[in-house]
Amino acid sequence: MISKKMSNLVKNSSAIRAMFEEGRKMALEFGKENVYDYSLGNPSVPAPEGVNRAYKEVAGNPDSNYVHGYMLNQGFDEAREAIAKDLNARFPVAFDKNDIVMTVGAAGGMNVIMKTLLDPGDEVVVFAPYFGEYKNYVSNFDGVLVEVAPDTSTFQPDLKALEEKLTARTKIVIINTPNNPTGVVYSAETLTKLGQVLEEAQRKFGHPIYLLSDEPYRELVYDGAEVPFVTTFYRNTIVGYSYSKSLSMPGDRIGYLVIPREADDHDEIFAAAGVATRILGFVNAPSVAQLAITKCLNERVDVAIYDRNRKLLYEKLKEYGYECIMPQGAFYLFVKALEPDDKAFVAKAKAHRLLIVPGSTFGCAGYVRIAYCVDYAMIERSLPAFKALAEEYKK
Ligand code: PLP
């Protein structure tokens, strides 16, 4: 018999995954070409050739015990050193290997840092719309998820609303920029103000509040958008990074946490994150992926492919009468549903063989997420379905 807690989690299990499964079934029924699956953020652009080269080089290393053996729970020194050096070259920061913890993707990193920081009942604040899995990560450590309502005019975080949600129990505030599901990039101005609000709250409540910046989409930006480095705005920032999206390798499960030296209790957090990595059962991030990624720090996926998708879909959806903001990053469009009930809208879309995800999954009802990390040709084929769906509402 599975646990009661798990039983509830299974029941409420991710709508996105459910949709993905649905897509597979529909593809069998109608043919793959006739199902327009926009449900999952699974990168469609191939990983750069350099990633494959790096894996081959690592596989050719004669020191097999090193390549495949255990290492420090926080990861290989050479991986952590290389990442710190790379970040220092790209941003106005000065990290070293003792500020970096290698993780099993962003999900692994977030679980490690929550295990490290949360006591039961501690509050974790998120800005709607947010990646629905945060709810599960917080619940893993008996934390309490606190939502800040969305500002649907810009989808930048509503900082006035944040102030009202901060309490003596707030331990972590999560941001995600570029954002899933909106594609919005938080501006330097927003981050400056956010830093001020959190500094003020720390003073008021007399303990650190950590800003957890979840950044798997950092390099996926368009029109020259800048993604400011969040640690430069607020001392108690911890960055969770992942190569899943930025190098199209979500199955490899590799990423890292940045715990800057200036963060309160840095040494304790770094040590505890190693223990958390071990006792959560990860033990360490995959060794081969750590070594491969060390050779890929200058690699980039071809974002022009996503950009082309973004432009086509945005332009056509607007033309058909849908409302949405132009995303600056990631590979999602967050579109206003054509009726208040986003789930009903998603069901109607499904009748047109369009698979999209209800905004309520992200804490933002009335919207839907369209993941455009798909083939351009599929977008072209799907356009009549989007048009017909919009026309159904005009009748
Ligand atoms: N955070 C956000 C905002 C995401 O969109 C995702 C994946 O879709 C993750 C974290 C998890 O990423 P990873 O595959 O690196 O664990």
Side-chain angles (χ1 to χ4, degrees), residues 13-20 37-45 47 51 75 83 101-115 124-138 140 145 147 150 155 157 172-186 211-221 227 230 238-258 277 280-282 285-286 289-290 292-293 296 301 306 327-334 356-357 359 361-364 369-374:
S13 178
S14 168
I16 302 179
R17 285 267 156 195
M19 189 70 82
F20 183 63
D37 189 348
Y38 289 100
S39 62
L40 204 61
N42 199 11
S44 55
V45 174
V51 170
I83 287 165
V101 175
M102 301 307 294
T103 65
V104 180
M110 295 186 87
N111 276 277
V112 162
I113 203 65
M114 288 188 198
K115 174 98 180 148
V124 178
V125 179
V126 295
F127 293 96
Y130 58 90
F131 181 51
E133 291 289 88
Y134 295 160
K135 212 178 278 175
N136 294 325
Y137 305 161
V138 171
N140 284 344
L145 190 93
E147 289 182 11
F155 287 111
I172 297 175
V173 174
I174 301 178
I175 56 171
N176 165 224
T177 167
N179 186 268
N180 173 10
T182 63
V184 162
V185 175
Y186 293 1
L211 178 60
L212 175 54
S213 182
D214 177 27
E215 305 184 356
Y217 303 95
R218 163 165 288 281
E219 286 80 15
L220 304 185
V221 286
V227 184
V230 184
I238 293 173
V239 175
Y241 184 81
S242 163
Y243 295 95
S244 296
K245 317 286 172 158
S246 65
L247 287 185
S248 294
M249 42 197 297
D252 296 59
R253 311 307 306 139
I254 188 72
Y256 59 82
L257 290 167
V258 182
T277 300
L280 284 171
F282 301 128
Q290 285 191 50
I293 219 64
C296 295
V301 294
Y306 293 133
Q328 292 173 283
F331 37 52
Y332 308 105
L333 279 182
F334 203 53
I356 54 181
V357 181
T361 314
F362 305 90
C364 188
R369 188 193 77 173
I370 301 177
Y372 59 80
C373 43
V374 295

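First listed ligand is number 1; within each ligand, the first listed atom is number 1.
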For Tyr217, run the ring-ring contact (aromatic ring centres under 6.0 Å, His included) check against Tyr241, Tyr243, Tyr306, Tyr332 and tell me which one passes. Tyr332

Which class fits the ring pair Tyr134 and Tyr130: parallel under 30°, tilted 30 to 60°, perpendicular over 60°? parallel

Residue, atom and distance of the protein heavy atom nearest atom 14 (O) of ligand 1 read Arg253 NH1, 2.8 Å

Proximity winner for atom 13 (P) of ligand 1, if only heavy atoms of Gly255, Ser244, Gly251, Pro216 are counted: Ser244

Atoms of ligand 1 less than 4.0 Å from Asn180 heavy atoms? 3 (C), 4 (C), 5 (O)

Can you pull out the closest protein heavy atom to atom 15 (O) of ligand 1? Residue, atom name and distance to 0.1 Å, please. Ser242 OG, 2.6 Å

What protein heavy atom lies closest to atom 2 (C) of ligand 1? Include the residue and the distance to one decimal. Asp214 OD2, 3.3 Å

Measure the distance from atom 9 (C) of ligand 1 to every protein heavy atom, then report the residue, atom name and distance (to 0.1 Å) of the closest one. Phe131 CE2, 3.4 Å

Under 4.0 Å, heavy-atom basis, I'd like to know which part of Ala107 is in contact with ligand 1: side chain, backbone, both or neither. both

Contact check, Gly41 vs ligand 1, heavy-atom distance below 4.0 Å: no

Which of the atoms in ligand 1, numbered in the order shown and given with their element, are less than 4.0 Å from a heavy-atom of Asn176? 3 (C)

Among Phe334, Phe131, Phe331, which residue satisfies the side-chain contact (heavy atoms from CB on, under 4.5 Å) criterion with Asn180? Phe131

Identify the two heavy atoms, one from Ala285 and one from Ile254, that lie closest to each other, and give their separation to 0.1 Å. CB-CD1, 3.8 Å

Test item, Glu133 contacting ligand 1 (heavy atom, 4.0 angstrom): no

For ligand 1, which is the ligand I care about here, please tell me if Ala106 has any N or O atom under 3.5 Å from one of the ligand's N or O atoms. yes

Donor-acceptor contact present, side-chain Arg218 to main-chain Val227, <3.5 Å: yes

Heavy-atom nearest pair, Cys373 first then Pro43, reads CB-CA, 4.2 Å

Please check whether Lys245 reaches ligand 1 - meaning an N/O of the residue sits under 3.5 Å from an N/O of the ligand, judged on distance alone. yes

Rounded distance (nearest 0.5 Å) linking atom CG of Asn179 with atom CD of Gln328: 11.0 Å

Quick one: does Met110 get a heavy atom under 4.0 Å from ligand 1? no

Less than 4.0 Å is my threshold; does some heavy atom of Tyr217 fall inside it relative to ligand 1? yes

Step by step, would you call Asp37 with Ser39 a side-chain hydrogen bond (donor to acceptor under 3.5 Å, both in side chains)? CA-CA 6 Å; Asp37 189 348; Ser39 62; 2.6 Å; yes

For Thr103 and Gly108, the nearest pair of non-hydrogen atoms, with its separation, is CB-C, 4.3 Å

